[in-house]
Amino acid sequence: MSFKKTKELANGSIIPRLGLGVWQVKDGAEAVDSVKWALQAGYRLIDTAAAYKNEVSVGEGIRASGIPREDIFVTTKLWNADQGYESTLKAFDESVTKLGLDYVDLYLIHWPVEGKYKDSWRAMEEIYQSGRAKAIGVSNFHEHHLEELLKEAKVVPMVDQIEIHPTLTQEPLRKFLSENNIAVEAWSPLGQGKILENPTLVEIGKKYNKTAAQVIIRWHLQSDIIVIPKSVHEERIKQNFDVFDFELSGADMEQINNLNTNERLGPDPDNFDF
């Protein structure tokens with residue numbers, strides 16, 4: 001079974017398809033350990049954000065892992081309160097300082113703040129041109145946000161990180177992203193744990209001797225979605241990475257696609273107030 005563990009972004013950057021997300025991971029030992037364990041288990045993508053308030057510990061975990069910096073793909077994100085041209089440049093400097101890095105591999109606009117995200121993007125383009133972010137992208141952008149952005153953007157976002165799991169498959173948006181050569185990345189890929197008891201997923205798991213979580217992660221990978229499950233438990237972190245030794249059949253993939261109910265667990269990008 002040949003499956004590439006990495007994906008090439010539109011600008012030639014190589015991103016691992018499976019990484020560790022650290023949303024709601026506490027700053028301090030919890031974040032340091034999670035990142036260190038993940039890297040030592042074989043993960044090479046770590047996804048954080050200014051809003052998670054754990055960038056300092058993520059940086060410490062990276063250094064504690066013993067894995068060379070150039071082998072690790074680090075993503076962080078611009079928070080809503082920092083959007084705008086000058087404030088984006090400043091926020092980026094703060095993030096890399098907290099991480100203790102010279103550059104990040106991917107910098108994302110966290111949410112499409114109305115009236116501000118275009119100015120933020122101009123600053124992101126400048127950061128990208130400087131080489132301090134090897135790739136830039138967005139998060140939580142619907143099709144219409146991207147269409148608006150692309151009217152003025154000099155650089156097309158390389159990634160859109162959106163909520164995706166088997167009960168929110170976002171197929172129309174994924175199709176649009178694919179047509180525009182924008183990679184799809186999933187947050188809350190396991191449905192915040194709410195679908196791990198789903199009988200369909202549990203049954204499919206039994207067939208392959210895998211957990212429902214492993215089945216969902218594999219579904220993401222086979223759907224060409226970059227995926228960043230979160231865990232703070234060493235065994236679970238290892239288990240979530242143990243998904244490269246089996247392949248879901250076409251029928252199983254279809255069964256999982258059919259679980260879609262368009263149910264969001266997070267805010268709708270057209271209607272958020274933070």
task: In sequence, state the C-alpha distance, the side-chain angles, and the governing distance for Asp224 and Arg17, and then conclude on side-chain contact (heavy atoms from CB on, under 4.5 Å).
output: CA-CA 8 Å; Asp224 195 23; Arg17 291 175 183 269; 2.9 Å; yes
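- In terms of modelled atom types and a separation under 3.5 Å, the side chain of Arg264 and the main chain of Leu168 share no donor-acceptor contact.
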message: Run the side-chain contact (heavy atoms from CB on, under 4.5 Å) test on Val159 and Thr75 for me, step by step, so that the C-alpha distance in whole Å, both residues' side-chain angles and the decisive distance to 0.1 Å come before the verdict.
response: CA-CA 11 Å; Val159 173; Thr75 302; over 6 Å; no
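- The environment of Asp71 atom CG is dense: over 12 non-hydrogen atoms of other residues, nucleotides or ligands sit within 6.0 angstrom.
- For His220, there are no ring pair (Phe, Tyr, Trp, His ring centres under 6.0 Å) partners two or more places apart in sequence or in a different chain.
- With hydrogens and angles ignored, the 3.5 Å screen pairs no side-chain donor or acceptor of Lys77 with any backbone N or O of Ala50.
- Side-chain contact check for Leu20 versus Ser34: some heavy-atom pair is nearer than 4.5 Å.
- The shortest side-chain heavy-atom distance between Leu45 and Ile226 falls under the 4.5 Å cut-off.
- Between the Arg218 side chain and the Val243 main chain, a donor and an acceptor come within less than 3.5 Å of each other.
- The two residues Pro229 and Leu18 have their closest heavy-atom pair at CD-CD1, 3.6 Å.
- Atom CD of Glu70 is surrounded by more than 12 heavy atoms from other residues, nucleotides or ligands within 6.0 Å.
- No side-chain donor-acceptor contact under 3.5 Å links Ser139 to the backbone of Ile109.
- Lys210 places a side-chain N or O within donor-acceptor distance of the main-chain N or O of Asp242, the cut-off being under 3.5 Å.
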Verdict with supporting geometry, Lys175 and Glu179, salt bridge (charged side-chain N to carboxylate O under 4.0 Å, His left out): CA-CA 6 Å; Lys175 183 172 181 288; Glu179 285 164 358; 2.8 Å; yes
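- The closest side-chain donor-acceptor pair between Glu55 and Thr76 falls under 3.5 angstrom.
- No close placement of the Phe141 and Trp121 rings is indicated, their centers lying 6.0 Å or farther apart.
- Here the side chain of Gln170 pairs a donor or acceptor atom with the backbone of Glu163 at under 3.5 angstrom.
- Taking a 6.0 Å sphere around CG of Asp102, one finds it holds 12 or fewer heavy atoms contributed by other residues, nucleotides or ligands.
- For the residue pair Asn240 and Ser231, no side-chain donor N or O sits within less than 3.5 Å of a side-chain acceptor on the partner.
- At a cut-off of 3.5 Å, with distance as the only test, no side-chain donor of Tyr117 or Glu148 sits close to an acceptor on the other residue.
- Counting only heavy atoms from C-beta outward, the side chains of Val156 and Leu149 never approach each other to under 4.5 Å.
- In this structure, Pro157 and Ile182 approach most closely via the heavy-atom pair O-CG1, 3.3 Å.
- Gln214 places no side-chain N or O within 3.5 Å of a backbone atom of Gly205 that could act as its donor or acceptor partner.
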- request: List the steps and the verdict of side-chain hydrogen bond (donor to acceptor under 3.5 Å, both in side chains) for Asp47 and Trp23.
  value: CA-CA 8 Å; Asp47 180 280; Trp23 177 55; over 6 Å; no
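- The minimum heavy-atom distance between Ile46 and Ala38, with the atom names listed, is CD1-CB, 4.5 Å.
- At a cut-off of 3.5 Å, with distance as the only test, no side-chain donor of Asn80 or Asp82 sits close to an acceptor on the other residue.
- Using a 4.5 Å heavy-atom cutoff, the side chains of Ser223 and Trp219 are in contact.
- Here the side chain of Ser65 pairs a donor or acceptor atom with the backbone of Ile67 at under 3.5 angstrom.
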- request: Show the numbers, then the answer: is there a side-chain hydrogen bond (donor to acceptor under 3.5 Å, both in side chains) between Asp252 and Ser249?
  value: CA-CA 5 Å; Asp252 292 330; Ser249 69; 3.0 Å; yes
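- Using a distance-only test at 3.5 Å, with no hydrogens or angles considered, no donor-acceptor pair links the side chain of Lys118 to the main chain of Gly115.
- Using a 4.5 Å cut-off on side-chain heavy atoms (C-beta onward), Leu78 and Ser120 make contact.
- The ring pair (Phe, Tyr, Trp, His ring centres under 6.0 Å) test with Tyr107 singles out one residue from Tyr128, Trp79, Phe92, and that residue is Phe92.
- Atom NE2 of His144 sits in a crowded spot, with more than 12 heavy atoms from other residues, nucleotides or ligands closer than 6.0 Å.
- Under a cutoff of 6.0 Å and an axis angle of 45°, Arg132 and Tyr103 do not form a cation-pi pair.
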query: Does the pair His145 and Asn140 meet the rule for a side-chain hydrogen bond (donor to acceptor under 3.5 Å, both in side chains), with working shown?
result: CA-CA 9 Å; His145 297 120; Asn140 301 301; over 6 Å; no
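- The minimum heavy-atom distance between Pro16 and Phe73, with the atom names listed, is CD-CB, 3.6 Å.
- Using the six-membered ring where Trp is involved, Phe272 and Trp111 have ring planes that are tilted, between 30° and 60° apart.
- In terms of modelled atom types and a separation under 3.5 Å, the side chain of Asn54 and the main chain of Ser57 share no donor-acceptor contact.
- Within a 6.0 Å sphere centred on NZ of Lys26, other residues, nucleotides and ligands contribute 12 heavy atoms or fewer.
- Using a 4.0 Å cut-off between a side-chain N of Lys or Arg and a carboxylate O of Asp or Glu, Glu94 and Lys90 qualify as a salt bridge.
- Note: the hydrophobic cluster containing Val56 does not contain Val22 (ILVMFWY, side chain heavy atoms under 4.5 Å, direct or indirect links).
- With sequence neighbours left out, the ring pair (Phe, Tyr, Trp, His ring centres under 6.0 Å) criterion links Tyr208 to Phe246.
- The two residues Ser188 and His165 come nearest to each other via the heavy atoms O-CD2, 3.3 Å.
- Residue Gly137 comes nearest to Met124 through the heavy atom pair O-CE, 3.7 Å, listed as atom of the first residue, atom of the second, then distance.
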- prompt: Can you check side-chain contact (heavy atoms from CB on, under 4.5 Å) on Tyr52 and Gln24, steps first, answer last?
  reply: CA-CA 6 Å; Tyr52 304 166; Gln24 290 185 332; over 6 Å; no
task: Walk me through it: do Glu234 and Lys238 pass the test salt bridge (charged side-chain N to carboxylate O under 4.0 Å, His left out)?
output: CA-CA 6 Å; Glu234 188 172 9; Lys238 286 179 179 167; 3.8 Å; yes
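- One hydrophobic cluster, built from ILVMFWY side chains closer than 4.5 Å, cannot hold both Met253 and Val202; they sit in different ones.
- Using a 4.5 Å heavy-atom threshold, the side chains of Glu60 and Arg63 count as touching.
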- request: Check the pair Asp119, Arg122 against salt bridge (charged side-chain N to carboxylate O under 4.0 Å, His left out), reporting the backbone distance first and the verdict last.
  value: CA-CA 5 Å; Asp119 285 335; Arg122 277 195 306 121; 3.5 Å; yes
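- Looking at Asn257, Asn262, Asn258 one by one, the single match for side-chain hydrogen bond (donor to acceptor under 3.5 Å, both in side chains) with Asn260 turns out to be Asn262.
- With salt bridges taken as basic N to acidic carboxylate O contacts below 4.0 Å, one links Glu203 and Lys206.
- The local environment of CZ in Arg236 is sparse, with at most 12 non-hydrogen atoms from other residues, nucleotides or ligands closer than 6.0 Å.
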- request: Kindly indicate, with the supporting measurements, whether the criterion side-chain contact (heavy atoms from CB on, under 4.5 Å) is fulfilled by Asp27 and Lys53.
  value: CA-CA 7 Å; Asp27 201 33; Lys53 307 219 178 302; 5.7 Å; no
